[in-house]
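Heads up, the thing below is written out as structure tokens.
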Amino acid sequence: MEENILEVKALRKVFKLSKKQQRLEKTNAAQRVAVDGLSFNVKRGEIYGLLGPNGAGKTTTLRMLSTLVKPDEGDAELFGFSILKDAEKVRQKIGFLTSELKPDEFFTPDYLFDFYSELYNIPTHVRDERKKELFSRFGIEKFAQTKIAELSTGMKQKVSIAISLVNDPDLIIFDEPTNGLDVLTAKTVTDFLSELRSRGKTVLLSTHIFSLVEKICDRVGVIIDGKMALEGDVKELTAEKDLEEVFFDLYARIAGGEQ
Amino acid sequence: MKFSTIWTVIRKEFARFFKDRRLVTALFLPGILIYVIYSLLGGVMTDMLEAPEDYQYTVCTVNAPEWFNETAFSDFGDFLFEAGAEENEQEYLDRLREETLDAYLVFPDGFTGEANGGVYEEVKLYTNSVSTTSTTAGQVLSSVLSVMQYGAPKFLVTPSDVATEQDFSGMMFSMIAPMLVLMLLFSGCISIAPESIAGEKERGSFATLLVTPVKRSHIAIGKIVALSAISLLSGVCSFIGVVLSLPKLMGGDALGLGSVSYAFTDYLLLLAVVLSSVLVMVALASIASALAKSVKEATGFIGPLTILMMLVGLVSSFLDGNAWYFYLIPLLNSATAMSGIFSFAAQPWFVLITVAVNLAVAFGLSWLLTKMFDSEKIMFSK
């Protein structure tokens, strides 16, 4: 039996709405349930995709799992460490990347890689070896001494990915990994995710792009309104129809049920 | 020219402005603060320039004639006269400098109070210009002696100031320097704290730091210590500039400001006060920056703090430096302690209290900053 390295248990997150948010969302509700009792497991060496429309709760889930925000209810265990009780140990074990996390533009990729390696207490020789490999993989060597501010959006994203891997994490959490990227950079990123899996790493990603899930994910969890609406093996789910059709059938059922 | 188009643009600008509470506050706040500061300052300056109503002036006289002793000084205030002896003059002058005596008046031996063949007897009036009460006592005594000579001059009143150039220079510095030092130190903080915290939040690089295994408290302490060191460096540079240029700015040797020379211990005390103050300032600026979503917003939050620094610096010049309770209020204690150091009246215990209070407050604010770094509402609100 394959080992679960991530066990998510009934996570729930509620956000209070300010008056401004109530106006924007045209609601009188004082709060919004972003994630509602979400449970799922991720096995070692697989790529697990969280699929859902904008506002479904994917980013909040990943933020809870990376200990940036705390759940109101539920818990999750990464490598046996609770995100509530052992947040620092969890952070030591994971690499987290979202398009909202950006490297400080004042510094060079070389400086930032060294800086983050130091925060993870990585020995110098290991750091240098890892830096060489990652910079080479993403074509950063030429820009290693160039300030981030002067790099293209795609190169910045590659630097962010390299930095998120300074600790050689066993679990990499990517929130919308190809968001805002040009096709070439997006291809580099998706190829790299597959490469990580082949090296025995585990990837948990969120996306709203069906083709990305079909292309690289082993399993998928479809989140709608903060709840797990469907979960399964990608190949099995798409045996008869493509993922987009599966999703819209499901969405119509749920939306129809609500009506 | 199409006025309707211009009017449309004007309305849009007004809408942009008046619908933004921060901009509206920025418009009205200076007026309100100016009223508060000037009113407060006016009150404090009045208190400073006038001796307290119930104050008892102590005057030592030597060879005072009977008519002088019978003069009703109660019309001018509560005067206590001590009859002294000329041979103890040094003691009286020392008391004047120590401000335990307000005036020392010496009539010549066998004073008649009459001009004799165009030769006028000389009455010496010693006061201390650094002391408000001594200055007031001197003014009252001069007036009384002038009234006694109504019609034609009968004797000469020769005023002497026991305050040394150093005392005077110290007083001048103590009135100006605390505010300048506070402002310069704070300007160092506000030039870097918003960039370091709000800037990182705005650019998204702060969250990158938060997903590392580093404790939030370590991030907060690291930032505060680094910001303090940079602010201190900036403050020290500015302070050296002020110390070197102030005598020239104030009229230099004509006012005796070039004669200021502080002891090594004064510099040590000043350094301790400055260091502890910078920690509080950086912590305050960091908290304002952590609350803000952008550098621009942080600058807006820090604006009132800048005015507060100015106010604290101004008010401290007029406070009673011997009142211990002022040293319990962070930053006001720094300004008051600096005022004491600059006027050569520093009391090490008060400086120690100042440093201890500031360190405790800086520690408390750092703890608060750590909690703020932990708060998803503060760190991730849009």
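Naming convention: chains lettered A, B, ... in sequence-line order (proteins, then strands); numbering from 1 in each chain.
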[X] [atom1] to [Y] [atom2] distance, which is reported to the nearest 0.5 Å:
X        : Y        : atom1 : atom2 : result
A:Phe96  : B:Leu210 : CZ    : CG    : 11.0 Å
A:Phe106 : B:Glu200 : CZ    : CD    : 12.0 Å
B:Thr208 : A:Leu119 : OG1   : CG    : 11.0 Å

A:Asp168: what forms a salt bridge (Lys or Arg N to Asp or Glu O under 4.0 Å) with it, not counting sequence neighbours? A:Lys201
Nearest heavy-atom pair of B:Thr212 and A:Tyr116: which atoms, and what distance? CG2-CD2, 3.7 Å
Heavy-atom pair of closest approach, residues B:Val211 and A:Tyr120: O-OH, 3.6 Å
Report, as yes or no, whether the 6.0 Å neighbourhood of atom CD on A:Glu7 holds more than 12 heavy atoms from other residues, nucleotides or ligands. yes
Verify the neighbour count for atom CD of A:Glu129: are there more than 12 heavy atoms of other residues, nucleotides or ligands below 6.0 Å? no
Among all residues two or more places apart in sequence or in another chain, which pass the ring-ring contact (aromatic ring centres under 6.0 Å, His included) test with A:Phe15? none
Specify which of A:Lys70, A:Glu105, A:Lys16, A:Lys89 makes the most heavy-atom pairs with chain B at under 4.5 Å. A:Lys70
